[in-house]
Amino acid sequence: MPRYAQLVMGPAGSGKSTYCSTMIQHAEAINRSVQVVNLDPAAEHFDYPVMADIRELIMVDDVMEDESLRFGPNGGLVFCMEYFANNFDWLEESLGHVEDDYILFDCPGQIELYTHLPVMRQLVEQLQQWEFRVCGVFLVDSQFMVETFKFISGIMAALSAMVSLEIPTVNIMTKMDLLSPKAKKEIEKYLDPDMYSMMEDNSVTIRSKKFKKLTKAICGLIDDYSMVRFLPFDRTDEEGINIVLQHIDFSIQYGEDLEFKEPKEPDEEPDNTNYDDFFQEKVED
Ligand SMILES: Nc1nc2c(ncn2[C@@H]2O[C@H](COP(=O)(O)OP(=O)(O)OP(=O)(O)O)[C@@H](O)[C@H]2O)c(=O)[nH]1
Ligand SMILES: [Mg+2]
């Protein structure tokens, strides 16, 4: 039986930990068992119960205080994640092996983890070896997405995670509840974007010819391959949260192995319908 995982990623402060705790509450409300693993060695506080916590293995503060290492916060985090990648047996032990597990991994916010460092990919490969079906969930703060160029850079970050991890990914715009009604209307066009027209709308503001060409090529790539779409995430909207969860479940085929219930026989069908006779008559005609 497969197990299921969501890798919750995104830039610092994009709402990863809040997403995890919202999902846990939602899962409880719909009577589903979902658990969270904290993979952020610098996490200070989060308001969900954890199944495992990377800080039991290693903490950024300890690494920074170490006289021989002398790391700052970002170098310290990279060191921690590399240490984690060399000690996956800790994770295996913490996860145990429960069939049909559904686990959210709350990842750190350093963007370099998703662009060029190998640790997240190693984690994905390891989880797949443990029979997990993994879905990437890439969060971007909607507050930073209401302008075309910010939007393009958000998309590029999501794309680089998708390309480097090679797993199905669902992109999410968080903190929708903070947007004004006007900004909400404005952001609709970014949820299912038409990159070509977006580029046309804004090309007046680009002065450099070279930069214009490059931006156009990037927009074309994104549009031609329909690579990035965003789902809105408002933590106060149960229905919206359910839609997000359904998209993720679909991408990892959650529920496919659940027992199928026979549909009820329709009442209106007469008991004495004899299909053999029906077809027999047709043939004879
Ligand atoms: N109003 C509102 N605030 C949110 C939402 N999601 C997150 N926040 C706030 O944004 C801040 C950062 O949220 P976190 O969930 O800690 O973000 P994170 O991505 O886990 O941050 P790091 O782990 O530091 O990278 C917190 O103050 C949250 O309360 C949301 O959907 N709505
Ligand atoms: Mg967090």
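Just so you know, these numbers come straight off a predicted model, no measurement behind them. Counting from 1, the numbers follow the sequence of the chain as shown. One-based numbering, in listed order, for ligands and for the atoms of each.
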What protein heavy atom sits nearest atom 18 (P) of ligand 1, and how far away is it?
K16 N, 3.4 Å
Aromatic ring pairing F105/F132, orientation class (parallel under 30°, perpendicular over 60°, tilted between)
perpendicular
For H26, I'd like to know if atom NE2 has over 12 heavy atoms of other residues, nucleotides or ligands within 6.0 Å.
yes
I need the single residue from L245, T18, V137, V34 that forms a side-chain contact (heavy atoms from CB on, under 4.5 Å) with M23. Which is it?
L245
Who's the nearest protein heavy-atom neighbour of atom 28 (C) of ligand 1, and how far?
T18 OG1, 3.8 Å
Run the ring pair (Phe, Tyr, Trp, His ring centres under 6.0 Å) test on F250 and Y254 for me, step by step, so that the C-alpha distance in whole Å, both residues' side-chain angles and the decisive distance to 0.1 Å come before the verdict.
CA-CA 6 Å; F250 182 71; Y254 173 82; over 10 Å; no
According to salt bridge (Lys or Arg N to Asp or Glu O under 4.0 Å), who are the partners of E238, at least two apart in sequence or on a separate chain?
none
Tell me which protein heavy atom sits closest to atom 16 (O) of ligand 1, plus the residue, atom name and distance to 0.1 Å.
S17 CB, 4.2 Å
Ligand-residue contact atoms, ligand 1 with D177, heavy atoms, under 4.0 Å
1 (N), 2 (C), 30 (C), 31 (O), 32 (N)
Considering both backbone and side-chain atoms of M176, is one of its nitrogen or oxygen atoms within less than 3.5 Å of a nitrogen or oxygen in ligand 1?
no
Distance-only donor-acceptor check, side chains Q6 and Y102, under 3.5 Å
yes
Evaluate the 4.0 Å heavy atom contact test for atom 26 (C) of ligand 1: does a protein atom fall under the cut-off?
no
Do F84 and M51 sit in one hydrophobic cluster, given that two such residues count as connected whenever their side-chain heavy atoms are within less than 4.5 Å of each other, even indirectly?
yes
N/O of G15 under 3.5 Å from N/O of ligand 1, yes or no?
yes
Can you pull out the closest protein heavy atom to atom 8 (N) of ligand 1? Residue, atom name and distance to 0.1 Å, please.
K175 CE, 3.7 Å
Judged by modelled atom types alone, do Y4 and D249 share a side-chain donor-acceptor pair under 3.5 Å?
no
Can you tell me the protein heavy atom closest to atom 29 (O) of ligand 1 and the distance?
R235 NH1, 4.1 Å
Is S17 close enough to the Mg ion (ligand 2) to have an N, O or S atom under 2.8 Å?
yes
Which residue and heavy atom of the protein sit nearest atom 21 (O) of ligand 1, plus the separation
G13 N, 3.2 Å
Can you list the atoms of ligand 1 that are under 4.0 Å from a heavy atom of G109?
25 (O)
Run the numbers for me: atoms of ligand 1, each under 4.0 Å from some heavy atom of D40, listed by number.
23 (O)
Mark yes or no for whether S160, through its side chain, and T115, through its backbone, hold a donor-acceptor pair below 3.5 Å.
no
